Amino acid sequence: MPTTMLQIPAPDGRAEALAAFPDEGGRHPAVLMYPDAFGIRPVLREMAEELAGHGYYVLVPHIFYRTGPVPLFDLPEHIGEQARTALLAQVMPLIEEHTADRVRRDAEAYLEFLAGRPEVAAGPVAVTGYCIGGLLATRTAAAHPDRVAALAAFHAPVGADGPDSLARITAQFHFGHAASDLTPEALAELNGSLDGAKAHGTSEIYPGTVHGFTMADTDAFDPDGLRRHWERLLPLLAGTLRA
């Protein structure tokens, strides 16, 4: 599966991004995949390649490009609890600086880049994301309802911007929540907000999971949770981008 690192013209410089796409040539529906806060690394490359193998052009942007190039952090091969705590101390200021306005401006650049790629088919795209990347995906779908047909987010604070933002989403969606992130009562409140949106989709807690369950290089990894993630994500994409 071909993968390459690219440079995207962005509002405040040039953003690196990982692209993965089928090797048989042709044009393919695009998926903008926002990483978690730890960014582009082998596990994200593997997930992008897996998705590309199903016939998609997958773009994983370096969301903190304003701070420096990939890798921003000295990441261990496995991010255990001690390493995670130290890394979060470094990344939290970057998350706080990454305002909703920055997200919207960067999303415009990423979508424009995809629209100009010869490997990308014409038409709407999908956005997906993990952890903070899930919030970025949700903000992208809310800001560009005419360009985003499918939205997925996993162990992500998708409701952080409130019901008014969710109401602007028209994409078909799936939100897969970690059991450690959301109580059943909080899920019911979130889903009540989604019921008032123009979009249709699913929002559920993955039983027994903790925050970060899709990331195979962390202590949070849950193989059943990752498998369920693919079981939800792939039909969503097939039903929207390939309908």
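Throughout, residue positions are numbered sequentially from 1 according to the sequence presented. All values reported here derive from a predicted model rather than from experimental measurement. All heavy atoms count here, side chains included; hydrogens, waters and symmetry mates do not.
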Decide yes or no on side chain to side chain contact (heavy atoms under 4.5 Å, CB included) for D36 and R41, but give the supporting numbers first.
CA-CA 10 Å; D36 64 2; R41 59 193 192 279; 2.7 Å; yes
Heavy-atom side-chain contact between V31 and T128 under 4.5 Å
yes
Residue pairs meeting salt bridge (Lys or Arg N to Asp or Glu O under 4.0 Å), one or both in residues 174-191, sequence neighbours left out, come to none
Check: T4 side chain, A19 main-chain N or O, donor-acceptor pair, under 3.5 Å
no
Side chain to side chain contact (heavy atoms under 4.5 Å, CB included) assessment of L75 paired with D217:
CA-CA 10 Å; L75 293 174; D217 62 350; over 6 Å; no
Do M5 and H62 touch side chain to side chain, with heavy atoms closer than 4.5 Å?
no
For R104, the side chain to side chain donor-acceptor pair (under 3.5 Å) test, sequence neighbours excluded, returns none
OG1 on T183 to NE2 on H177, rounded to 0.5 Å
11.0 Å
Could you go step by step and tell me if T170 and V148 meet the side chain to side chain contact (heavy atoms under 4.5 Å, CB included) rule?
CA-CA 8 Å; T170 59; V148 177; over 6 Å; no
For A137 and G129 the tightest heavy-atom approach is CB-N, 4.0 Å
Looking at side-chain heavy atoms only, is the closest gap between T138 and L166 below 4.5 Å?
yes
Side-chain contact test, heavy atoms from C-beta onward, threshold under 4.5 Å: evaluate it for L44 versus M33 and give yes or no.
yes
What about L94 and M215, same hydrophobic cluster or not, with Ile/Leu/Val/Met/Phe/Trp/Tyr joined at side-chain heavy-atom distances under 4.5 Å?
no
With a 4.5 Å heavy-atom cut-off, do I169 and L194 have their side chains touching?
no
In one Ile/Leu/Val/Met/Phe/Trp/Tyr side-chain cluster, 4.5 Å: L151, W230
no
Roughly how far, to the nearest 0.5 Å, is the CG atom of L72 from the OG1 atom of T67?
6.0 Å
Closest non-hydrogen contact found for P29 with A121 is N-CB, 4.0 Å
Is it true that Y110 and H144 have ring centroids separated by less than 6.0 Å?
no
Nearest 0.5 Å, what's the CD1-NE2 distance between I132 and H155?
12.0 Å
After noting the C-alpha distance and the side-chain angles of D12 and R102, does the key distance pass the salt bridge (charged side-chain N to carboxylate O under 4.0 Å, His left out) rule?
CA-CA 9 Å; D12 296 305; R102 277 189 177 184; 5.1 Å; no
Please list all pairs passing the ring pair (Phe, Tyr, Trp, His ring centres under 6.0 Å) test where one or both residues lie in residues 35-61, with sequence neighbours left out.
F21-Y57
So which heavy atom on V91 is nearest to which on A37, and how close?
CG2-O, 3.5 Å
Do V103 and H98 have side chains that get closer than 4.5 Å, going by heavy atoms?
yes
May I ask whether V158 and V127 are part of the same hydrophobic cluster, defined by side-chain heavy atoms of I, L, V, M, F, W, Y residues being less than 4.5 angstrom apart, directly or through others?
yes
Atom pair OH (Y65) and CD1 (I8), whose distance is rounded to the nearest 0.5 Å
9.5 Å
Working note: V125 + V120, criterion side chain to side chain contact (heavy atoms under 4.5 Å, CB included); need CA distance, chi angles, decisive distance, verdict.
CA-CA 10 Å; V125 307; V120 172; 5.6 Å; no
Which pairs count as side chain to side chain donor-acceptor pair (under 3.5 Å) when at least one residue sits in residues 74-96, sequence neighbours excluded?
H78-D219
Mind checking the CG-OG1 spacing from D106 to T140? Nearest 0.5 Å is all I need.
9.0 Å
So salt bridge (Lys or Arg N to Asp or Glu O under 4.0 Å) across residues 115-144, not counting sequence neighbours, yields R117-E119, R139-D161
What is the ring orientation for F154 with H174, classed by angle as parallel under 30°, tilted 30 to 60°, or perpendicular over 60°?
tilted
Inter-residue atom distance L111.CG - R147.CZ, 0.5 Å rounding:
4.5 Å
Applied to residues 14-31, the salt bridge (Lys or Arg N to Asp or Glu O under 4.0 Å) test, sequence neighbours excluded, yields none
Do you know the tightest heavy-atom contact between A156 and A153?
CB-CB, 4.0 Å
Parallel, tilted or perpendicular, judged at 30° and 60°: which one describes the rings of Y206 and F213?
tilted
Under a 4.5 Å side-chain heavy-atom rule over Ile, Leu, Val, Met, Phe, Trp and Tyr, are V58 and L18 clustered together?
yes
Run the salt-bridge test on D224 and R228 with the 4.0 Å N-O cut-off and return the result as yes or no.
no
T202 and R232: side-chain donor and acceptor closer than 3.5 Å?
no
Going by heavy atoms in the side chains, are L190 and S203 under 4.5 Å from each other?
yes
Are I95 and I79 linked, directly or through intermediate hydrophobic residues, by side-chain heavy-atom contacts shorter than 4.5 Å (ILVMFWY only)?
yes
Would you mind reporting whether P35 and F64 have side-chain heavy atoms less than 4.5 Å apart?
no
